Amino acid sequence: MDNLAIARVLAEIGDLLEIKNENSFKIRAYRNAADSAAHSTQRLSDLTAAQRLAVPGIGKDLSAKIGELIETGVIAYHQELLREFPATILDLLHLQGVGPKTAALLYRELNIKNLDELERAIREGRLRAVKGLGPKKEAQILRAISERAQLAGRRLLAEASDAAEAIVFALRSDAPEATISIVGSLRRGCETTGDLDILAAGAPPSLMAAFTGYRLVERVLAHGERKSSVLLFGGLQADLRVAPRESLGAALQYFTGSKAHNIALRDRALQRGLKLNEYGVYRTDDDAAVAGADEDEIYRALGLAPIPPELREGRGEIQAAERDELPALVTRQHLRGDLHMHTTASDGRADLETMAQAALAVGHTYIAITDHSQSLAMANGLDERGALEHAARIRALNDRLDGITLLAGIECDIRPDGRMDLADDCLAALDIVIASVHSAFSQEPEQMTDRLLRALECPWVDILAHPTGRLLLKREGYRYDMDRVFDAAARYGVAVEINSKVDRLDLRDTHARLAKERGLKLVIDSDAHSAAGLEGLRWGVLVARRAWLTADDILNTRPIEQFRASLRRRRNTPSHSPTFTG
DNA sequence: GCCGTTTTCGGCCCGACTGTTTTCAGTCG
């Protein structure tokens with residue numbers, strides 16, 4: 001049983017308890033544990049009951065319940081709750097305007113158990129007969145039901161960022177004197193997002209109307225002086241908060257989140273005789289303001305080093321800030337090269353020279369050209385001869401270009417049995433080899449683990465590319481024993497990739513952090529299939545930052561000679577490199 | 001249900017907006 005499956009059950013218990021109107025802190029405990037399970041880099045099913053206690057948010061009781069789930073497949077307590085409330089009632093909670101109280105009320109008063117029954121009850125006029133519900137609520141719920149599919153979708157970070165930046169741009173023209181910022185999960189660099197959060201400080205009252213009247217607004221969900229919510233065409237929700245200028249820092253902090261981070265921070269404030277809200281830090285005894293305008297000052301007022309937004313996930317950042325041990329996170333400016341890109345030689349849209357010139361233009365001092373290998377027929381993959389001819393062209397161009405070094409590489413498929421898709425002597429004759437899985441994604445975990453371990457044994461594999469193969473919002477990654485594979489990669493000196501393509505971001509943050517803990521080095525690559533694709537590194541950098549990585553953890557922050565020396569082929573065979581004779 | 005550098009008991013974050021009200025509960029972030 002994987003962590004996500006465990007997290008789902010715990011979260012569902014939380015939802016059911018909420019409908020049951022249980023103690024809110026108990027509900028939070030289940031949700032915290034669910035979140036903790038979902039983000040843990042350890043497989044909970046591999047841990048003993050005692051080891052599970054070390055996982056934050058899991059105590060004696062939940063450790064036992066998780067153990068029960070792993071061993072029997074169910075938690076009796078969960079089953080009991082499901083006897084009180086049908087599981088389908090939880091669908092009601094996802095409707096805008098329906099929370100646990102309303103869901104319970106609907107079930108109790110009208111025996112409504114699912115969306116269909118709810119819709120029918122409204123159409124038959126039965127809802128407004130319930131005390132506390134009225135015609136407005138009916139209309140709101142009906143709309144929510146019809147838009148449910150549309151609203152359910154989360155969006156990729158890049159898409160949501162574009163939409164948010166367009167809104168900020170429009171608002172700035174309406175209120176040039178205001179400070180307008182993107183906050184929320186976008187500012188933290190989360191890989192997908194459900195809504196856009198925007199903060200304006202020092203803005204005139206007219207800004208709210210400009211926001212609700214923005215050209216892409218389909219419907220206004222809420223409209224107040226300080227807070228408004230809108231639904232954009234296409235289904236994204238956007239929220240605008242307006243804060244006094246003297247509260248800019250506190251508002252930035254508050255609306256950036258995450259929720260877990262903020263709760264911990266406010267708890268810390270209380271322990272120090274302070275109160276933290278979106279307006280500032282105040283002394284509890286006399287309400288005197290201690291900080292507010294500057295975000296860094298909020299953290300300092302609480303005895304903490306300022307914490308970068310990407311780390312604010314409640315994963316140890318507050319303890320690290322307290323000890324002044326926050327990592328100096330890698331930045332886009334640290335990157336000197338890019339080791340994964342395609343040209344028209346396989347499935348890229350730009351030719352070799354165009355890609356090289358584009359790389360020069362974005363400031364790279366080295367790149368690797370890594371077209372696909374033969375198995376990927378639909379991507380026009382190269383066989384040995386094709387790969388070597390391509391390498392010759394890359395080297396010829398390299399001789400002509402100043403200011404950038406081109407490495408002749410390949411993105412070599414790892415075949416289902418773990419063999420590499422091209423012969424060893426061909427791989428040896430290249431400057432760099434990145435290996436990746438593009439087929440047979442659904443192998444059993446044991447088989448996939450063996451496959452990857454075998455691939456890593458090939459001495460010419462330098463980098464394991466997009467190591468889980470996931471596609472965000474589309475496909476889960478393939479499953480394997482990551483600990484064993486990472487340990488083998490560390491032993492061989494193989495680096496793992498953070499692939500910056502917006503629908504991959506693979507490795508993800510928690511896995512990249514695990515890789516570092518396992519002693520691995522990483523690279524951040526664009527996997528560009530066009531000149532414009534080279535710009536994508538910014539997204540991979542966000543992932544690396546969320547993984548607590550520094551420039552030292554990332555090989556392509558190094559100058560070219562140091563970079564090449566750190567590749568596995570150089571580390572393991574310092575004195576000679578075989579040449580291809582066939 | 002979790003958690004502990006004042007605690008193994010008694011805490012556990014906070015404010016804005018809406019819709020139903022007759023002074024406020026529910027939802028949301």
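Please read these numbers as outputs of a predicted model, since none were measured by experiment. Order of the sequence lines sets the chain letters (A, B, ...), proteins ahead of strands, with each chain counted from 1. As a basis for the values below, the full set of heavy atoms in this structure was taken, side chains included, without hydrogen atoms, waters or symmetry mates.
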Candidate nucleotides dT27(B), dG29(B), dG1(B), ranked by approach to the side chain of K101(A) - the nearest: dT27(B)
Any Q271(A) side-chain N or O less than 4.0 Å from OP1/OP2 of dG11(B): no
Sugar-phosphate only, base, or nothing, as touched by L93(A) at under 4.0 Å among non-hydrogen atoms: nothing
Minimum-distance nucleotide (side-chain atoms of D61(A) versus dG1(B), dG29(B), dT20(B)): dG1(B)
T102(A) side chain near dT27(B) phosphate (N/O to OP1/OP2, under 4.0 Å): yes
Sugar-phosphate, base or nothing in reach of L276(A), heavy atoms under 4.0 Å: sugar-phosphate
Residue pair D483(A) / R518(A), side-chain heavy-atom distance below 4.5 Å: yes
N/O (side chain, K131(A)) to phosphate O (OP1/OP2, dG26(B)) under 4.0 Å: no
N277(A) side-chain N/O to dG15(B) phosphate OP1/OP2 under 4.0 Å: yes
Touch class at under 4.0 angstrom, heavy-atom based, for R28(A) against every strand present: base
Non-hydrogen side-chain atoms of V330(A) and D553(A) separated by less than 4.5 Å: no
Atom-pair distance (CG on L196(A); P on dG29(B)), nearest Å: 12 Å
Partner of Y299(A) under side chain to side chain contact (heavy atoms under 4.5 Å, CB included), chosen from I318(A), L265(A), V281(A): L265(A)
Any K26(A) side-chain N or O less than 4.0 Å from OP1/OP2 of dC12(B): no
Side-chain N or O of Y279(A) closer than 4.0 Å to phosphate OP1/OP2 of dA16(B): yes
Where E313(A) and C190(A) come nearest, the two heavy atoms and their spacing: OE2-SG, 3.7 Å
Side-chain donor/acceptor of Y254(A) to base of dG29(B), under 3.5 Å: yes
